[in-house]
K.L.:
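Quick one: the structure is below, and I'll ask about it shortly.
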Amino acid sequence: MLDLKLIRANPEKVQELINRRHGDYNIQPIVELDRASRELETNRSQLSAQGNEIGKLIGQKIASGSNPQGEEIAQLKTEGNEIKTKLSELEPREKELKAEIEALLLELPNLPDESTPIGKSEAENIEIKRWGDEYISDRQNILPHWEIGEKLGFLDFKRAVKVAQSRFVNLVGAGAALERALISFMLDTHISAGYAEVMPPILVNSDSLQGTSQLPKFAEDSFKCSNDDLWLTPTAEVPVTNLYRDEIIEATELPIHHCAYTPCFRREAGSAGRDTRGLIRLHQFNKVELVKLVAPETSEAEHQALLENAEAILQALKLPYRILELCTGDIGFGAAKCYDLEVWLPSAGMYREISSCSNFKDFQSRRANIRFKQAGKKGTEYVHTLNGSGLAVGRTMAAILENYQQPNSTVKVPDVLQPYLKREVL
RNA sequence: GGAGAGGUGGCCGAGUGGUCGAAGGCGCAGCACUGGAAAUGCUGUAUGGGAGCAAUCUCAUCGAGGGUUCGAAUCCCUCCCUCUCCGCCA
């Protein structure tokens with residue numbers, strides 16, 4: 001959520017930054033509603049003050065011996081009632097205005113960081129790094145991961161569809177073990193880098209989804225439980241960031257670094273027909289997520305470090321990848337700045353997204369009301385939140401099944417996973 | 001799911017209609033005392049909104065939302081959560 005005071009103080013600048021994004025956003029209605037609501041609030045609070053004054057006076061009079069049923073008190077009560085009548089008109093209007101402003105603010109995306117390259121669409125993202133070219137196989141006829149996976153008996157799409165729907169998979173035998181090994185390897189690596197592991201609820205309530213900005217705009221992207229105010233989490237970002245919702249953290253507790261493995265659930269509304277085969281776009285997938293809550297002045301450096309922590313997994317697995325710096329036309333709703341990691345998929349001859357590392361600055365913390373306090377300093381400040389996949393496990397499995405494929409249609413186990421899987425070839 | 005008891009500031013805890021944003025204690029900060037410290041004493045110590053250049057003034061907040069009242073932490077209603085007992089259960 002954007003800072004209303006910032007919008008008020010600098011509407012042109014805010015509008016200019018928001019215009020850099022894809023989509024049409026207009027802050028003018030907010031500016032006007034805000035003006036009206038402040039005027040109303042000033043009037044209302046003056047009236048309330050009068051009412052409080054009368055209430056106090058009645059109390060004092062009765063305490064000092066006035067007859068509660070007497071003329072004088074009755075007169076004051078009448079005055080009190082008059083004020084109450086006026087208030088009963090102003091109060092609902094003020095509430096309504098504030099709710100309207102809130103609703104509009106919740107629909108507004110974050111301002112892109114000044115350093116985010118300006119561009120209209122993903123075509124204008126900037127590749128800033130390429131790693132592992134030497135690991136790109138020159139072999140022809142590499143089977144797509146779903147074919148090698150089914151051939152080796154690791155991936156069972158058919159039965160998963162029977163049990164659930166299309167876009168689900170059942171992992172079998174070494175397939176399940178590989179998934180588990182990847183999760184453990186990723187977590188162990190991040191824990192060594194100083195992240196504290198959490199295993200949060202994966203059903204989350206609406207407040208949590210609003211806190212990290214999946215709601216209200218993106219309701220159709222998540223699965224909702226019909227009898228409860230609970231949703232299947234689309235990413236661990238939601239439960240982990242919201243762990244701290246409505247809290248005031250001691251400055252000395254920052255930075256907070258968490259890693260978490262969770263399944264993730266997405267309805268993939270609007271992507272019908274895309275990536276229908278394989279592990280790339282499922283309704284349920286596993287992901288290890290990195291989440292940070294940090295002091296504002298450190299968030300840029302923390303973002304770079306987060307990106308490196310995600311890269312470290314790809315590097316350890318010797319999977320070729322590139323980094324894109326997303327342009328203003330492609331960054332997510334809540335992000336001010338974002339890097340995507342894309343892994344090389346030989347069967348497709350292209351890089352596919354495997355991690356997205358975003359700095360939300362105070363956008364989520366404002367929504368989720370996550371603040372920190374410096375001892376001895378007055379007031380509180382919003383933390384900055386960041387997160388990134390480290391990594392999407394299913395897509396990592398896909399990359400391994402392809403990049404580590406051998407001519408005899410077996411798959412070599414990456415060195416770092418061998419201790420987990422206790423074998424060299426799948 | 002049933003029965004009962006509760007939810008008050010960073011923490012503990014008092015407060016059942018009137019000057020309560022809230023006693024007292026702990027914690028924390030500053031000052032005094034000390035060679036230094038402990039102990040002690042004094043002072044201060046919530047968050048958010050609005051008005052104002054500012055000092056400051058003001059509104060809201062005692063789990064959440066409604067209601068009664070001139071006035072609600074206190075009374076009424078709904079919901080959420082915690083604890084105890086029973087039931088069910090991986």
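Protein chains get the first letters and strands the later ones, always in sequence-line order, with residue 1 at the start of each.
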K.L.:
Reckon A/I62 touches a base, only the sugar-phosphate, or nothing at all at heavy-atom distances under 4.0 Å?
P.N.:
base

K.L.:
Would you list the pairs meeting ring-ring contact (aromatic ring centres under 6.0 Å, His included) in which at least one residue belongs to residues 58-109 of chain A, sequence neighbours left out?
P.N.:
none

K.L.:
Which base, if any, makes a Watson-Crick or G-U wobble pair with B/A14, both distances under 3.5 Å?
P.N.:
none

K.L.:
Whole-Å distance between B/G27 C1' and A/E250 CD?
P.N.:
11 Å

K.L.:
Could you check how far CD of A/E71 sits from P of B/C70, rounded to whole Å?
P.N.:
16 Å

K.L.:
Between B/G7 and B/C12, how far apart are the two P atoms, rounded to whole Å?
P.N.:
12 Å

K.L.:
Does A/K56 put a side-chain nitrogen or oxygen below 4.0 Å from OP1 or OP2 of B/C70?
P.N.:
no

K.L.:
Please compare A/K98 and A/Q60 by the position of their nearest nucleotide in RNA chain B and report the one closer to 5'.
P.N.:
A/Q60

K.L.:
Any side-chain to backbone donor/acceptor pair from A/E353 onto A/L341? Under 3.5 Å, distance only.
P.N.:
no

K.L.:
For the pair made of CD1 in A/I248 and P in B/G9, what is the distance, rounded to whole Å?
P.N.:
12 Å

K.L.:
Quick one: side chain to side chain donor-acceptor pair (under 3.5 Å) partners of A/D221, sequence neighbours excluded?
P.N.:
none

K.L.:
Between B/G48 atom P and A/E247 atom CD, what is the distance in whole Å?
P.N.:
15 Å

K.L.:
In a table with atom names and distances, give each donor-acceptor pair under 3.5 Å that connects a side chain of residues 169-191 of chain A to protein atoms at least two apart or in another chain.
P.N.:
| residue | atom | partner | partner atom | Å |
| --- | --- | --- | --- | --- |
| A/E179 | OE2 | A/N286 | ND2 | 2.7 |
| A/S184 | OG | A/R180 | O | 3.2 |
| A/D188 | OD2 | A/Y420 | OH | 2.6 |
| A/T189 | OG1 | A/F185 | O | 2.7 |
| A/H190 | NE2 | A/G390 | O | 2.7 |

K.L.:
When every nucleotide of nucleotides 55-65 of chain B is labelled 5' to 3' by its protein contacts under 4.0 Å (heavy atoms), B for base, S for sugar-phosphate only, - for none, what sequence of letters results?
P.N.:
---SSS-----

K.L.:
Tell which nucleotide pairs with B/C20, taking only Watson-Crick or G-U wobble pairs whose two distances are both under 3.5 angstrom.
P.N.:
none

K.L.:
Rounding to an integer number of angstrom, what distance separates B/G4 and B/G15 when you compare their P atoms?
P.N.:
24 Å

K.L.:
Side-chain atoms of residues 71-85 of chain A: list all donor-acceptor pairs with protein atoms under 3.5 Å, sequence neighbours left out, distances to 0.1 Å.
P.N.:
| residue | atom | partner | partner atom | Å |
| --- | --- | --- | --- | --- |
| A/E72 | OE2 | A/K61 | NZ | 3.0 |
| A/T78 | OG1 | A/A74 | O | 2.9 |
| A/T85 | OG1 | A/N81 | O | 2.8 |

K.L.:
Does any nucleotide pair with B/A90 by Watson-Crick or G-U wobble geometry, both distances under 3.5 Å, and what is it?
P.N.:
none

K.L.:
Over how many whole Å does the gap from A/Y382 atom OH to B/U47 atom P extend?
P.N.:
13 Å

K.L.:
Please give the nucleotide sitting opposite B/G9 as a Watson-Crick or G-U wobble pair, both distances under 3.5 Å, or none.
P.N.:
none

K.L.:
Can you work out whether A/K77 or A/A63 has the more 5'-proximal nearest nucleotide on RNA chain B?
P.N.:
A/A63

K.L.:
Using the P atom on both, measure B/U61 against B/G67 and round to a whole Å.
P.N.:
13 Å

K.L.:
Does any nucleotide pair with B/C53 by Watson-Crick or G-U wobble geometry, both distances under 3.5 Å, and what is it?
P.N.:
none

K.L.:
Looking only at atom C1', what distance separates B/C26 and B/A64, rounded to whole Å?
P.N.:
29 Å

K.L.:
Any donor-acceptor pair under 3.5 Å linking the side chain of A/D156 with the backbone of A/K158?
P.N.:
yes

K.L.:
Check this for me: does any side-chain nitrogen of one of A/K412 and A/E402 sit under 4.0 Å from a carboxylate oxygen of the other?
P.N.:
no

K.L.:
Is there any salt bridge (charged side-chain N to carboxylate O under 4.0 Å, His left out) pair reaching into residues 260-287 of chain A, and which pairs are they, with sequence neighbours excluded?
P.N.:
A/E268-A/R281, A/D275-A/R281, A/D275-A/R352, A/K287-A/E289

K.L.:
Distances for protein N/O vs nucleotides 74-82 of chain B N/O pairs under 3.5 angstrom?
P.N.:
none

K.L.:
Look at the side-chain N and O atoms of A/K5 and state whether any lies under 4.0 Å from the OP1 or OP2 oxygen of B/G49.
P.N.:
yes

K.L.:
Does B/U40 have a Watson-Crick or wobble partner in any strand here, with both distances under 3.5 angstrom, and which is it?
P.N.:
B/A32

K.L.:
What interatomic distance, in whole Å, is found between P of B/C83 and the corresponding atom of B/C28?
P.N.:
29 Å

K.L.:
Within this structure, what is the CD1-to-P distance between A/I73 and B/G18, rounded to whole angstrom?
P.N.:
15 Å

K.L.:
How long is the line joining CD1 of A/I83 and C1' of B/C70, in whole Å?
P.N.:
9 Å

K.L.:
Give A/I58 one of three labels, base, sugar-phosphate or nothing, depending on what nucleic acid heavy atoms sit under 4.0 Å from its own.
P.N.:
base

K.L.:
Any carboxylate oxygen within less than 4.0 angstrom of a Lys/Arg side-chain nitrogen, looking at A/K337 and A/E325?
P.N.:
yes

K.L.:
Is the shortest side-chain N to carboxylate O distance from A/K120 to A/D330 below 4.0 Å?
P.N.:
no

K.L.:
With both distances under 3.5 Å as the test, what is the Watson-Crick or G-U wobble partner of B/U84?
P.N.:
B/A3

K.L.:
Show me the pairs that pass ring-ring contact (aromatic ring centres under 6.0 Å, His included) and involve residues 261-301 of chain A, at least two apart or across chains.
P.N.:
A/F168-A/H283, A/F223-A/H283

K.L.:
A/K373 has an atom NZ; how far is it from atom P of B/C28, in whole Å?
P.N.:
16 Å

K.L.:
Give the table of side-chain donor-acceptor pairs shorter than 3.5 Å for residues 94-104 of chain A, with sequence neighbours excluded, one pair per line with atom names and distance.
P.N.:
| residue | atom | partner | partner atom | Å |
| --- | --- | --- | --- | --- |
| A/E94 | OE1 | A/R44 | NH1 | 2.7 |
| A/E94 | OE2 | A/R44 | NH1 | 3.0 |
| A/E94 | OE2 | A/K98 | NZ | 3.0 |
| A/K98 | NZ | A/E41 | OE1 | 2.7 |

K.L.:
From B/C70, B/U47, B/U19, pick the nucleotide closest to the side chain of A/K84?
P.N.:
B/C70

K.L.:
Does A/R38 make a side-chain N or O approach to OP1 or OP2 of B/G49 shorter than 4.0 Å?
P.N.:
no

K.L.:
Partner lookup for B/A64, please. Criteria are Watson-Crick or G-U wobble with both distances under 3.5 angstrom; report none if nothing qualifies.
P.N.:
B/U78

K.L.:
Taking any heavy-atom pair under 4.0 Å as a contact, classify A/T78: base, sugar-phosphate, or nothing.
P.N.:
nothing

K.L.:
How far, in whole Å, is B/U74 from B/G18 if one measures between their P atoms?
P.N.:
12 Å

K.L.:
Please measure how far the P atom in B/U16 lies from the corresponding atom in B/A73, and state the result in whole Å.
P.N.:
13 Å

K.L.:
Given the C1' atoms of B/G49 and B/A38, what is the spacing between them in whole Å?
P.N.:
45 Å

